[in-house]
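Have a look at the structure below before the remarks.
Note that the coordinates shown come from a computational prediction; the quantities given were computed from them, not determined experimentally.
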Amino acid sequence: MLDIISQFLQTTGFLNMTGGQFLMIIVSCVLFYLAIVKKFEPLLLVPIGFGMLLANLPGSGIMDEGGLIYYIYNAGIKTGIFPPLIFLGVGAMTDFGPLIANPKSLFLGAAAQAGIFFTFIGASLTGFSAAEAASIGIIGGADGPTAIFLTSQLAPELLGPIAVAAYSYMALVPIIQPPIMKFLTTKEERLIKMEQLRPVSKTEKVIFPIVVTILVSLIVPSATGLVGMLMLGNLFKESGVTERLSKTAQNELMNIVTILLGVSVGATASADQFLKLQTLKIIGLGIVAFGVGTACGVLLAKLMNKLTNKPINPLIGSAGVSAVPMAARVSQTVGQKENPNNFLLMHAMGPNVAGVIGSAVSAGILLTLFG
Amino acid sequence: MLDIISQFLQTTGFLNMTGGQFLMIIVSCVLFYLAIVKKFEPLLLVPIGFGMLLANLPGSGIMDEGGLIYYIYNAGIKTGIFPPLIFLGVGAMTDFGPLIANPKSLFLGAAAQAGIFFTFIGASLTGFSAAEAASIGIIGGADGPTAIFLTSQLAPELLGPIAVAAYSYMALVPIIQPPIMKFLTTKEERLIKMEQLRPVSKTEKVIFPIVVTILVSLIVPSATGLVGMLMLGNLFKESGVTERLSKTAQNELMNIVTILLGVSVGATASADQFLKLQTLKIIGLGIVAFGVGTACGVLLAKLMNKLTNKPINPLIGSAGVSAVPMAARVSQTVGQKENPNNFLLMHAMGPNVAGVIGSAVSAGILLTLFG
Amino acid sequence: MLDIISQFLQTTGFLNMTGGQFLMIIVSCVLFYLAIVKKFEPLLLVPIGFGMLLANLPGSGIMDEGGLIYYIYNAGIKTGIFPPLIFLGVGAMTDFGPLIANPKSLFLGAAAQAGIFFTFIGASLTGFSAAEAASIGIIGGADGPTAIFLTSQLAPELLGPIAVAAYSYMALVPIIQPPIMKFLTTKEERLIKMEQLRPVSKTEKVIFPIVVTILVSLIVPSATGLVGMLMLGNLFKESGVTERLSKTAQNELMNIVTILLGVSVGATASADQFLKLQTLKIIGLGIVAFGVGTACGVLLAKLMNKLTNKPINPLIGSAGVSAVPMAARVSQTVGQKENPNNFLLMHAMGPNVAGVIGSAVSAGILLTLFG
Amino acid sequence: MNLINQMKLSMDAMTLGEKFTGSIIVTLLGVGIVFAALIVLFFTIVAMEKIIVKPKPKKEVEPKPVNVIEEEEEEVIEDTELVAVITAAIASSLNTSTHNLIVRNITRVEDTTPSWAKAGRINQITNN
Amino acid sequence: MNLINQMKLSMDAMTLGEKFTGSIIVTLLGVGIVFAALIVLFFTIVAMEKIIVKPKPKKEVEPKPVNVIEEEEEEVIEDTELVAVITAAIASSLNTSTHNLIVRNITRVEDTTPSWAKAGRINQITNN
Amino acid sequence: MNLINQMKLSMDAMTLGEKFTGSIIVTLLGVGIVFAALIVLFFTIVAMEKIIVKPKPKKEVEPKPVNVIEEEEEEVIEDTELVAVITAAIASSLNTSTHNLIVRNITRVEDTTPSWAKAGRINQITNN
Ligand code: NA
Ligand code: NA
Ligand code: NA
């Protein structure tokens, strides 16, 4: 009887736990703290943290062949299905009206992707492979599903740190961006008032997702999955005849996929994958990516303000990084601190949603080059 | 650097697009137009059109092994899982009360399936294989999930044209049927008023789906999947104790499956599969199937009106083709034009839902013969 | 032509039906009767009955390779994915507050699992293998998803009878438990009033699921899947920041999985698997398991009442079997019959939810020993 | 089924006449079976109506139990019924008498538990 | 693409200088293509605005049909249009004239069916 | 675990006595571990109560920040905390001091951004 008990004890996790696993459990608890108390992107950090927790409980076998999350991971992450399904819901939630009304926003949405490629340089030079560097760079896209999609295809072993970094920095956009925005702009620039946006017709809104799908897919075919689903969701929303599908895409389908995606991504962060020096490098490079993206957006907005006759407040440039709608709100808030009557939110939504397209395009380019 | 750019340009879709793909993109835009502006079955034609669009954007690889829709197609269409799941939702939405109250409707629902088999003859004689001819004939069933199910099992290469034809003609039922109905009936027949339907007890409604499942599955075992799920959905609805399941079956589950099914079916319509002479034949045979089905339903209703003592308005015969509830509304409208006080809708719902069972049975027979 | 008809008749189910299949169809109709008219766990017995019906219609091929339910069974039951997903929803519906307020409830939730292991003895001695005996014992856990999970992993051929027995007895808890509870308690004991439960802070409720996941998974790693998902669902509920996910987990996701799980489990009950002497043994052993669990819960509660200074009404002990919230309501009702002013419901909810954890732990132990 | 089997395999070698004959057979068979199936349903519905609906004055549909005790008893009986049905089914399948097998798992109780046995478990959780 | 291909395969053997050059090329290429793509979208949106929005006084967006007959006719035309488009597509793909292929499946009807042709099937079921 | 292993493989060759002994061991082991697990939970809950609930007058649960500046500072600290925790975790896992590794990614800012940092991204999109 005693030997039976001792044999059973061998199977418990207490005796098999490594120090790394213990540390990872603490890391997952920190994620819960940030998500629940600090409300940092809780919809993703709670599932990611929980997946991380489960994967580091020794003996759970949850990511081993035949384990619960093993199946989910293989069905949804490895195949690259989950991120486009999330994009379907994001598309059904997104209003591209401000972008259609002011298509110059697209340039800002393009400029802010420079952070992705700038970080790629840094990552290449600090010992990462090209595929890994591309996955790290995409953190600068400030777009969770895009980052998870590209990483799952190029460097799945980095999914944990990259997802944690991407979502954490997206939550921290209100802290990361304002100093950069202020440093790069003058008080006069920050006070610029922009013309009111023209109303956008329903016809334009319906044609927009179709046209974007066609053009972007032709230019960067590897981006078709992400951009196509984003635009299909948007077409569900704007067509006005598929409200049932739009509602399901942005609610139940998205929630189901979010739970499964979050838990699976978190479960890739096993101690031996996560507790490496490279995780710190990724966290460091990630913030560089956000910073450079913000700066490039602001700088191009400054330039455009000078080159064109219509006034452009450079504060909306930072919204080009994506991080919808956080980054646009940051533009609004920083602007309003200078002049409480300056409403930049809708102007910033243009670059903001352009940034989503921009980072999906960037992911497609990197996938073409290194996939 | 220049050669790199030129190499990258090689990967873009512009240089790889075939004329056929270009034409298919236009076809998909026509589908969007019909679905969104003309409101032709938008819930399916928007996803189908989008799948078609994505599959014909060169280089997207969306239907290649490892592509997004490839996985969805293999999981849901090739296995034949999606159509029965849609039927689960259809069953949870369907009231078989009018059929139970007037079981003679079943004969009309049977007669209208003649279009399926008549068209089978035509297709066999015009160069299609038996499996293809069966799939083309099923367009006459006027029931989308049934048509997709049978075609996915017998002739998956024809999924695109058959699905487009089936849903287009279902949307066009109000244009296709009235001339046939008027040609085959006299004014006196169209003026016939029918007796009010008896109320149907809850007990009958609960027993009905169970009994139908048993009997139909015994007679045509291959129809079990479709008929079984249709009836399970109906049992969820009528039992009164599984409202949660009924609601989910007819809303979220159905919407999710509709999106995935539509996009996958559309994606089978690649240019080289779709742009063939046979697609035109399919479109032509499809309308024959609808017409013959309508005619047979009306003619049997005329006959029944003469043979039985209870009056039967032959206009309800056309509703036997399925196309729920469009065909029943056509009966109502054509009848009301002769006499604004004649309400045929509920009488026509009987043959209408009988037609759903009838076409599922027909699909089972064809699957048994050629599967 | 005649030989063709006769050949077709060969494929119908009428000529191929065995007596056993006929009997199973009647059994499934009895399940419908119990579920719909008697309202016995209809959410599961309707799908289970329907799966049983379909699987016993000869020639339907629904469980053969390539059949509809075959795919669903392999994707969700064989892999063990469906039960944890149901637990996700159960967790999002469960309030662990009464357990946190009175942690002694845990002992009662542990004691009531004795029925599982006691029944294991009985099953081992009556000719079942160890894996089968474990699956039969788990009926005593009075928890459907746990029973289905363990059986699917240890003895999938017994899924049908075990699921039917588990859900039937859970529905019959109000009949099975009261005589045992009265037999083992004195009138004075049944009249005991318990102190009001302290309020539980949000912080405790948030920390609880995390801590339980960690500790239980460390002690019994095989229980991680079930307990982890239960607690993730609860964290979605209690964190207050993931309401979207909580709602979807307890509604649409749970409903979808319930339908698919129920139909697949029912479809394992083919005549040749179900109509065996062992099914009767299972039904008999199942009720022993329920009875012993109830008795052990009550007896430990009596003992605790004597050993501690705070009064404990032994009637809440029976709630430890799980069968949430039925068993807790039984405690309430039996108590109120003695004294209409005695409200035991919240006190009984503690052992009740502890029993869910207890049976998941038991399943993990049995999986470790015999998996 | 010679022609139909040939059609199933390949119609390339068939003459137009053979194709036509084969298709006609398929059509007759198909329409015939569809009618046969729906005629069976017709008679079943008619029979169902006869059995269930006939006695009009007496309401058959789910009588609301007037008395909880009666309801309880019914339930006990029903459960016995389930066991009885399964027992009978297995017995007849094993070619033996039910007398050797019957399991009496529930005896009638005088307990008058009220209607909380009546609702689905999950719905009840939701209501908490 | 020599350097980039080398980077894709393995960067272990590359010098820091090569890595740097390669990365710079990737960056220029990447930023360039992103800008190229979004500039294409820019001109498309501008063109779309020109085509759709220009004639402001005249409301173009989905004119509510005043007359059901007209609407019906439109539909007939549209359907013909679908067939025409598919026919034309296939014809041009088969390198043949549409004259040899065209299928006239719907003739204009004087029937004035009202708006029940206008709503999606499933939504209508729901409303029953 | 000899007997249990034997039971796992096959019980056919076991005598009734062996089966009985084995089952009893399983039962004792099973009930024992269930109790052990739930006793551990018991003490954890008791400890949790001690730590969290004890100081009753002072409300601990999520204090509403009175002042946005303070809140902002907290956030900065927290983020530093995350980096610090990960750094510490990796450092100790790499057996090196954190001094060689620490990344100070965020410095305290005097900026008083209001509460828009507080809500989930997706929920906010929905509110648009
Ligand atoms: Na971006
Ligand atoms: Na039909
Ligand atoms: Na239990």
If you check both backbone and side chains, which donor-acceptor pairs between chain A and chain B fall under 3.5 Å?
unit_1	atom_1	unit_2	atom_2	d
Leu218(A)	O	Gly13(B)	N	2.5
Arg244(A)	O	Asn255(B)	ND2	3.3
Arg244(A)	NE	Asn255(B)	OD1	2.8
Arg244(A)	NH2	Gln250(B)	O	2.7
Arg244(A)	NH2	Asn255(B)	OD1	2.8
Thr248(A)	OG1	Asn255(B)	ND2	2.7

Between Leu88(A), Ile219(A), Ile365(A), which has the largest tally of heavy atom pairs under 4.5 Å with chain B?
Ile219(A)

So CD1 of Ile259(A) and CZ of Phe82(A): to nearest 0.5 Å the spacing works out to 10.5 Å

Going from CG on Leu154(A) to CD1 on Ile136(A), what distance comes out if it is rounded to the nearest 0.5 angstrom?
11.0 Å

If the condition is side-chain contact (heavy atoms from CB on, under 4.5 Å), which residues does Ala163(A) pass it with, not counting sequence neighbours?
Ile48(A), Ile148(A), Val265(A)

Let me confirm one number: the OG1-CD1 distance from Thr119(A) to Ile139(A), rounded to the nearest 0.5 Å.
8.0 Å

Between Leu235(A), Ile207(A), Val220(A), which shows the greatest number of heavy-atom pairs under 4.5 Å with chain B?
Leu235(A)

State which residues pass side-chain contact (heavy atoms from CB on, under 4.5 Å) with Leu85(B); sequence neighbours excluded, sorted by chain then number.
Ile81(B), Val257(B), Leu260(C)

Going by ring pair (Phe, Tyr, Trp, His ring centres under 6.0 Å), name the residues that satisfy it together with Phe120(A), two or more places apart in sequence or in a different chain.
Phe370(A)

Would you give the length of the straight line joining atom CD1 of Ile69(B) to atom CZ of Phe50(B), rounded to the nearest 0.5 angstrom?
9.0 Å

Which bit of Ala75(B) is near chain A, if near means a heavy-atom gap under 4.5 Å: side chain, backbone, both or neither?
neither

Highest number of heavy-atom pairs under 4.5 Å with chain B: which of Ile256(A), Leu253(A), Leu245(A), Ile210(A)?
Leu245(A)

Do you know which two heavy atoms are closest between Pro42(A) and Pro47(A), and how far apart they sit?
O-CD, 3.8 Å

